[in-house]
> 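This structure is in structure tokens; I'll ask about it shortly.
To find a chain, count down the sequence lines: A is the first, B the second, and so on, and within it residues start at 1. As the structure is a computational prediction, the values presented were derived from the model and not from experiment.
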Number of protein chains: 2
Amino acid sequence: MKLPTAPPSGQTSSSPIAEALSLAIHEHRIAPGTKLGEDELGEIYGVSRTVVRAALQSLSYIGLVDIHRNKGAFVAEPSRTEAREVFEARELLEPRTAHSAALRAKAPDIAVLHRHIEDEHSALAASDPGRALHLSGLFHLEIARIAGQATIARFIETLIARSSLIIALYWRRESALCDKHAHGALLAALAKGEADAASALMRSHLVDLHSALDLRPRPDRKTSLKEVLSR
Amino acid sequence: MKLPTAPPSGQTSSSPIAEALSLAIHEHRIAPGTKLGEDELGEIYGVSRTVVRAALQSLSYIGLVDIHRNKGAFVAEPSRTEAREVFEARELLEPRTAHSAALRAKAPDIAVLHRHIEDEHSALAASDPGRALHLSGLFHLEIARIAGQATIARFIETLIARSSLIIALYWRRESALCDKHAHGALLAALAKGEADAASALMRSHLVDLHSALDLRPRPDRKTSLKEVLSR
DNA sequence: GCTTTCAGGATCGTATACAATAATGTGTGC
DNA sequence: GCACACATTATTGTATACGATCCTGAAAGC
């Protein structure tokens with residue numbers, strides 16, 4: 001496992017280690033289900049297990065990590081049901097934040113969002129889709145911040161985090177490309193203060209994302225194995 | 001400081017200590033701003049600081065506790081701005097959960113809710129308003145659970161927790177009594193499967209609660225202190 | 001040959017010990 | 001008598017040590 005030492009990121013987190021792990025997960029450099037051993041991480045970051053444990057605990061509250069007693073910490077693997085819930089929650093919350101953000105956004109806010117989009121494009125150009133995905137999430141989070149609802153913004157932060165895992169697990173390769181223009185159109189509406197348009201654009205953007213996932217229920221692994229072998 | 005040893009509560013939390021502290025805060029037996037020293041709590045519960053720290057960390061993620069580096073953990077004191085945000089978020093989320101709950105509630109669900117109301121009344125009769133408030137929160141949380149949206153239910157759990165602190169800080173004594181009938185009417189709508197009615201009742205119930213708070217902006221403590229002392 | 005059992009190792013859970021930081025109280029100089 | 005600097009103390013932050021639990025693999029029994 002290869003991890004960055006401590007990349008500076010504009011994220012709100014407690015410890016530098018939680019920060020680094022969070023970024024690595026967001027950028028799909030650590031796959032869902034990966035075991036995150038305490039000794040191993042302590043070795044990598046040069047700290048004791050105490051601080052590693054605290055970091056893992058914090059990530060488990062966000063939903064990025066699942067901790068099983070006496071088993072250890074693993075990068076979370078959201079089920080299809082959870083995936084649906086996460087996107088339903090986003091479809092409930094984010095149009096509202098987009099609406100508020102359109103009413104409250106000042107010039108510097110728009111500039112920040114603009115920079116996010118630019119970074120996202122350059123990451124794509126550099127064929128770094130993981131980083132592009134992370135930046136895409138930051139775009140959504142920034143809108144929630146601009147909306148001035150810190151409480152809801154924290155909720156959205158956790159939803160975006162889990163969305164990253166969900167995309168890693170359930171993204172349909174055959175589905176259309178990520179619709180680069182969605183964020184651009186959203187930004188335009190925000191810049192013009194068109195709250196209703198921003199809200200509608202956000203909703204349809206999320207619905208698009210949601211429908212690009214393969215969330216069809218699957219039979220249990222056991223059952224399907226039995227079926228295969230009985231032929 | 002007098003705390004229960006480990007009361008069994010139907011709450012979702014990690015450690016028994018977080019559980020006990022959470023209950024004590026919900027029942028207004030520990031006031032906002034109270035310092036929660038690690039040694040002190042370890043002494044009370046007969047465990048080392050390690051586990052106390054973990055519990056305090058978990059409470060800080062719910063927003064019940066604020067941790068300041070090198071200062072320690074304190075029962076959170078939500079600002080008026082945060083209070084407004086919390087209730088706005090509840091007014092956004094909970095009518096939706098009431099709607100879903102009305103469509104999905106089975107007989108046992110209704111029974112559980114009914115018991116909650118009974119317990120709440122008996123707590124009031126026993127002049128234990130703290131416990132009544134806690135049970136009132138549990139009523140709301142149970143509805144979110146019935147709605148079958150685990151993700152949103154967790155959000156609501158944190159919102160209810162902070163609501164308890166907000167009520168401790170900003171409740172207007174002169175305001176009308178807690179409107180005992182609100183939960184009863186809500187339960188009736190849920191039992192009959194009247195989703196729209198349940199949603200509307202929930203919304204108005206939350207608006208009532210919100211308006212029973214005194215959230216008028218106040219001058220800083222410092223300023224007022226200075227004013228008082230200069231006379 | 002297959003299953004079962006037990007031992008070894010590895011990892012987590014908790015307690016304790018040490019280091020670092022902040023708060024408080026005391027003493028001195030003016 | 002007041003203000004400032006310093007020492008002392010209390011509390012948190014981090015590391016380490018020990019005990020408990022679970023997983024893995026080999027050997028014995030069927």
> Which pairs, with at least one residue in residues 64-74 of chain B and sequence neighbours excluded, count as a side chain to side chain donor-acceptor pair (under 3.5 Å)?
none

> Please name all residues satisfying salt bridge (charged side-chain N to carboxylate O under 4.0 Å, His left out) with B:Asp214, sequence neighbours left out, ordered by chain then number.
B:Arg216, B:Arg218

> Output the rounded distance in Å from OH (A:Tyr45) to P (D:dT14).
16 Å

> For A:Thr50, what residues pass the side chain to side chain contact (heavy atoms under 4.5 Å, CB included) criterion, not counting sequence neighbours?
A:Ser48

> Quick check for you: name the first and last nucleotides of DNA chain C, 5' to 3', having an atom under 4.0 Å from a heavy atom of chain A.
C:dT11 to C:dT14

> Roughly how many Å is it from CD in A:Glu38 to P in D:dT14, rounded to a whole number?
16 Å

> Nearest whole Å is fine: how far is D:dT16 P from A:Arg53 CZ?
16 Å

> According to salt bridge (Lys or Arg N to Asp or Glu O under 4.0 Å), does anything in residues 160-171 of chain B pair up with another residue at least two apart or in another chain? List the pairs.
none

> Do the side chain of B:Ser211 and the main chain of B:Val207 share a donor and acceptor less than 3.5 angstrom apart?
yes

> A:Ser100: which residues meet the side chain to side chain donor-acceptor pair (under 3.5 Å) condition with it, sequence neighbours left out?
none

> By ring-ring contact (aromatic ring centres under 6.0 Å, His included), which residues pair with B:His183, not counting sequence neighbours?
B:Phe139, B:His140, B:His205

> Pick the closest DNA chain D nucleotide for B:Asp39 and for A:Gly46 by heavy atoms, then say which residue is nearer the 5' end.
B:Asp39

> What one-letter contact string describes nucleotides 18-25 of chain D from 5' to 3', where B marks a base within less than 4.0 Å of any protein heavy atom, S marks contact via sugar-phosphate atoms alone, and - marks no contact?
---SSS--

> Could you check B:Ala73 against A:Thr50 and say which one's nearest nucleotide on DNA chain D is further toward the 5' end?
B:Ala73

> List for me each residue that meets side chain to side chain donor-acceptor pair (under 3.5 Å) alongside A:Arg49, sequence neighbours excluded, and say none if there are none.
A:Glu38

